[in-house]
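Because the structure is a prediction, the values reported are computed rather than measured. Residues: numbered from 1 along the sequence shown. For ligands, and for the atoms within them, numbers begin at 1 and follow the listed sequence.
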Amino acid sequence: MTPVIPKASTSEAAETARQHTLRHADLLLCGATVMTPNGAERLDIACAQGRITALGDLLPGWSADCVLDLNGLHVLPGVIDSQVHFREPGLEHKENLEAGTRGAVLGGVTAVFEMPNTYPLTLGAADLQAKLDAAQGRSWCDHAFYIGGSALNADSLQELEQLPGCAGIKVFMGSSFGDLLADEEDVLRRILRHGRRRLAVHAEDETRLRERKYIALDSGDVRQHPVWRDVESALKASQRIVRLAAEVKRRLHVLHVSTAEEMQFLAAHKDRVTVEVTPHHLSLQAPDCYERLGSLAQMNPPVRGQVHQDALWQAIRSGVVDVIGSDHAPHTLQEKSQAYPASPSGMTGVQTLLPVMLNHVHAGRLSLQRLVDLTSAGPARVFGLEGKGRIALGFDADFSIVDLKARRRVRNDWIASVSGWSPYDGMPVVGWPIHTIVRGHCVVRDEVLEGQAQGRPLRFLEVP
Ligand code: DOR
């Protein structure tokens, strides 16, 4: 393919000089198969000052400070994980921003959106700023932070959601972990009325969860987790928030959808609603996962049985699902070993998102092109990210470079999280992240961390 170089009308001499400058790159990626918006293409990629400056057959004729020969590998646009809990401030014994983002890049993730159920909760401008400050010089990937929507800040969310580095507003309709909850109708209405960005929602019905908690308490059996937090709990909350959002024409992003019934319902509301699924809901299955892993498989909303998992895969195939997010939610093994239901819900996931999903690609459950749509283009589209999500001229030079044939085993000692474990420990996979590049900086080379933590706040487009 002929190199694609941006053109400008200049004099001939200036044009020659410009061509010379353009033919020097900070970083040149050569010989790989590149997942562009056109599909899989054999291309070289030139990057300068953190951006993609040329695409095409660039050898010979180009020089670069650094050339990576990527023969046999696939270059994906950097994977964006739009749901992680990095627990800082306040819960650093479970996770922190440095270790969480280190796990991210080791797993091929180049950008994360972090959740607000920390201590203190992320409810105001100062809380957001504290997280941005803490990420400076310690975050290995680019990042943004959600602000939690609650009765306390509902009327100022319009201003808060516009703050630089804010991923948007997140609402917990059902309590999961921490004190963030908004389940009363008037509070939800106030939250929905104050703001224009897409509202991210954890949809489980708090009243029904409280009424049914006895199921967990009486049984003390983690296999009852999807019985306590049943299909109706999830469906009811999804239906309610879609109804309330319609009143004010607000757009929604329903996180970690786990049931066939919700998928059917949400498919009828795609004009307003985008949908996330998680690798664990696509990969683990009740009852087997509870028998094998006990409370390590305990997650909210719960991992359910085959009928639901099949429906999630069907929703991926039919395009109802927009995004795959990990819901990386670490707790220590000691905390997880408490008797159910005192055991907290949550598992690590940011580092295994890509390997687990590449393994599904290998098994033929989805195409690599569809995976890229769910992990790069999808999050960029849903959240209005600037300069991210595709391999195209002018976009940020973020790449997850993978070997689709590499055979590895997920192991706890590979997991960077402070909590140090994965529900996939011991699982063989085919497909593995080899190099991770964030805005032209190689932060993982040949599976090994290198360089410095230079993550920056993500930039968002203005809401139309
Ligand atoms: O299981 C979960 N744990 N689900 C969530 O949505 C939150 C989370 C946590 O923060 O531990």
Side-chain angles (χ1 to χ4, degrees), residues 81-97 100 112-122 131 145-146 148-150 167 169-183 199-206 209 213 216 222 224-226 228-230 233-234 237-238 241 253-259 262 275-281 283-284 286 289-290 293-304 323-336 338 340-350 352-353 417-419 421-423:
D81 187 347
S82 47
Q83 192 186 178
V84 302
H85 301 260
F86 284 165
R87 311 295 195 206
E88 184 177 338
L91 299 159
E92 289 91 343
H93 68 286
K94 296 174 193 275
E95 189 61 294
N96 65 49
L97 283 163
V112 293
F113 295 12
E114 205 270 341
M115 284 293 169
N117 56 338
T118 45
Y119 286 97
L121 300 170
T122 320
K131 285 193 170 181
F145 298 95
Y146 287 98
S150 83
I169 307 304
K170 157 78 182 280
V171 166
F172 282 91
M173 294 177 74
S175 38
S176 184
F177 175 75
D179 298 331
L180 199 54
L181 182 66
D183 67 325
L199 185 76
V201 187
H202 178 128
E204 288 186 286
D205 185 79
E206 181 65 14
L209 293 182
K213 177 106 191 235
V222 72
Q224 295 300 305
H225 197 55
W228 165 31
R229 304 179 83 110
D230 66 347
S233 305
S238 282
I241 197 71
H253 182 58
V254 184
L255 297 159
H256 41 45
V257 174
S258 64
T259 67
E262 282 171 289
V275 170
E276 179 199 70
V277 294
T278 68
H280 50 273
H281 288 115
S283 312
L284 304 176
C289 64
Y290 298 109
L293 299 165
S295 65
L296 297 185
Q298 182 192 331
M299 195 76 200
N300 299 330
V303 174
R304 305 185 194 276
V323 162
I324 289 178
S326 74
D327 194 7
H328 176 83
H331 301 283
T332 65
L333 284 172
Q334 196 187 0
E335 291 165 334
K336 287 295 255 183
Q338 292 168 84
Y340 179 81
S343 46
S345 295
M347 56 177 73
T348 62
V350 70
T352 46
L353 183 156
S417 169
V418 172
S419 293
W421 64 275
S422 162

Treating [X] as the side-chain partner and [Y] as the backbone partner, does any N or O pair qualify as donor plus acceptor under 3.5 Å?
X: Lys170; Y: Ala200; value: no
X: Lys131; Y: Leu97; value: no
X: Ser233; Y: Glu204; value: no
X: Arg304; Y: Thr259; value: no

Nearest atoms (heavy-atom pairs only) where His202 meets Asn300:
CE1-O, 3.6 Å
Which part of His202 is near ligand 1, with near meaning a heavy atom under 4.0 Å away: side chain, backbone, both or neither?
side chain
Counting heavy atoms under 4.0 Å, the part of Asn117 that contacts ligand 1 is side chain
Test Lys94 against every option in His85, Glu88, Glu335 by the side chain to side chain donor-acceptor pair (under 3.5 Å) rule and name the one that passes.
Glu335
Ligand 1 N/O within reach of Ser345 N/O, cut-off under 3.5 Å
yes
With a 4.5 Å limit on heavy-atom distance, are the side chains of Val350 and Glu95 in contact?
no
Ligand 1 contacted by Met347 (non-hydrogen, < 4.0 Å):
no
In the protein, which heavy atom is nearest to [atom], and how far is it?
atom: atom 5 (C) of ligand 1; answer: Ser176 OG, 3.2 Å
atom: atom 8 (C) of ligand 1; answer: Ala329 CB, 3.7 Å
atom: atom 1 (O) of ligand 1; answer: Asn300 N, 2.7 Å

Numbered atoms and elements of ligand 1 in range of [X], under 4.0 angstrom, heavy atoms:
X: His85; answer: 7 (C), 10 (O)
X: His331; answer: 11 (O)
X: Gly346; answer: 1 (O), 3 (N)

Quick test of your reading of the structure: of Met299, His256, Arg87, Gln83, whose heavy atom lies closest to atom 11 (O) of ligand 1?
Arg87
Would Arg87 and His331 count as having a side-chain donor-acceptor pair, cut-off 3.5 Å?
yes
